[in-house]
Amino acid sequence: VLSIRGIQEEDPPDAQLMRLDNMLLAEGVSGPEKRGRGGPMAVAATSGGCPNDNSIEHSDYRAKLSQIRQIYHSELEKYEQACSEFTTHVMNLLREQSRTRPISPKEIERMVNIIHGKFSTIQMQLKQSTCEAVMILRSRFLDARRKRRNFSKQATEVLNEYFYSHLSNPYPSEEAKEELAKKGGITVSQVSNWFGNKRIRYKKNMGKFQEEANIYAAKTAVDATNVVAQGNQANSPSTPNSDGFLTPCHTSDRKI
DNA sequence: TAGGATGATTAAGT
DNA sequence: ACTTAATCATCCTA
């Protein structure tokens with residue numbers, strides 16, 4: 001029955017296994033059962049994180065993570081138990097056979113090694129799928145896109161004001177970004193994101209933003225200068241444009 | 001509830 | 001490091 005001659009070693013020696021182990025350890029899946037501490041959680045690592053609503057979302061995340069951890073541990077235990085059971089079973093068989101033919105200790109050792117190898121590949125698969133589950137969980141909960149909130153009225157107001165009053169070159173410097181961030185109650189990264197989105201979307205469909213452009217142009221014109229009290233109200237509904245950063249005409253925006 | 005608006009992420013270029 | 005362009009995932013309104 002036990003004519004095992006397979007010397008089939010796994011192709012990647014242990015590099016893969018090491019990586020999986022490291023990751024499981026880093027995520028707190030394997031290793032000691034830590035309660036309450038969220039040690040290696042690389043949260044808020046990316047840009048524009050919202051420092052406010054941590055911990056509420058996180059408790060959910062941690063709950064799922066500990067669920068994964070439980071499954072992982074119970075499966076692991078199951079495998080180890082099965083492994084040792086199978087080993088003793090084989091040992092018994094060998095002992096029985098040793099009555100009819102001589103069996104060297106070397107052979108026994110080899111057999112045990114083979115069994116352990118088999119079971120460790122199964123464990124490898126378990127670790128693999130556990131890692132996958134953790135990755136999915138991470139992307140599900142820790143991806144900032146999942147909990148996007150619109151900016152406050154104040155923030156969009158400030159951002160649009162700057163954008164439309166610098167339409168010929170809507171690229172705020174670092175200091176300008178910090179200023180805008182402070183005024184709007186958002187982070188500098190969020191300011192950068194906003195301008196990136198705004199520029200591309202404005203360029204892509206300028207017509208859609210004309211109304212908005214007029215509103216903010218009027219707003220800044222009013223509060224910036226009261227020099228000319230022109231009774232010349234309104235109209236000129238279309239053609240407010242051609243001052244864009246995408247048109248070659250440039251550096252001519254000095255309002256007199 | 002469909003579809004546009006919007007903030008965040010990613011890939012690729014500079 | 002920063003931008004563009006595309007895309008994702010959610011919010012919001014008709």
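Each chain gets a letter, A, B and so on, in the order the sequences are listed, and its residues count up from 1. The shown structure was predicted, so the numbers you read here are calculated from the model rather than taken from an experiment. Excluded from the calculations below are hydrogen atoms, water molecules and symmetry mates; all remaining heavy atoms, backbone and side chain alike, are included.
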Legend entry - Contact pattern, 5' to 3', of nucleotides 7-14 of chain C - B, S or - by protein heavy atom under 4.0 Å: BBBBSS--
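When side chains are defined from C-beta on, A/Leu76 counts as touching A/Gln123, because their heavy atoms get closer than 4.5 Å.
Contacts of A/Phe163 classified as ring-ring contact (aromatic ring centres under 6.0 Å, His included), with partners at least two apart in sequence or in another chain: A/Tyr202. Residues passing the side chain to side chain donor-acceptor pair (under 3.5 Å) test with A/Tyr72, sequence neighbours excluded: none. With sequence neighbours excluded, the residues forming a side chain to side chain donor-acceptor pair (under 3.5 Å) with A/Lys127 are A/Asp21, listed by chain and number. Annotation: salt bridge (Lys or Arg N to Asp or Glu O under 4.0 Å) contacts of A/Lys182 (sequence neighbours excluded): none. Remark: A/Glu179 engages no residue in a side chain to side chain donor-acceptor pair (under 3.5 Å) (not counting sequence neighbours). In this structure, A/Glu80 has no salt bridge (Lys or Arg N to Asp or Glu O under 4.0 Å) partners at least two apart in sequence or on a different chain.
Applying the ring pair (Phe, Tyr, Trp, His ring centres under 6.0 Å) test to pairs two or more places apart or on separate chains, those with a residue in residues 171-198 of chain A are A/Tyr162-A/Phe195.
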Between protein and nucleic acid, restricted to nucleotides 1-3 of chain B and to nitrogen or oxygen atoms under 3.5 Å apart, what atom pairs and distances do you find?
none

Show the distances under 3.5 angstrom between N or O atoms of the protein and N or O atoms of nucleotides 1-4 of chain C.
| unit_1 | atom_1 | unit_2 | atom_2 | d |
| --- | --- | --- | --- | --- |
| C/dT4 | OP1 | A/Tyr171 | OH | 2.3 |
| C/dT4 | OP1 | A/Arg199 | NE | 3.4 |
| C/dT4 | OP2 | A/Arg199 | NE | 2.6 |
| C/dT4 | OP2 | A/Arg199 | NH2 | 2.9 |

Check nucleotides 11-14 of chain B against the protein and report each pair of N or O atoms closer than 3.5 Å, with its distance, or say if there are none.
none

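Taken over five-pair windows at either terminus, the axes of the helix from B/dT1-C/dA14 to B/dT14-C/dA1 are inclined to one another by 0° (rounded to 10 degrees).
Within the nucleic acid shown, A/Lys198 has no heavy atom closer than 4.0 Å to any nucleic acid atom.
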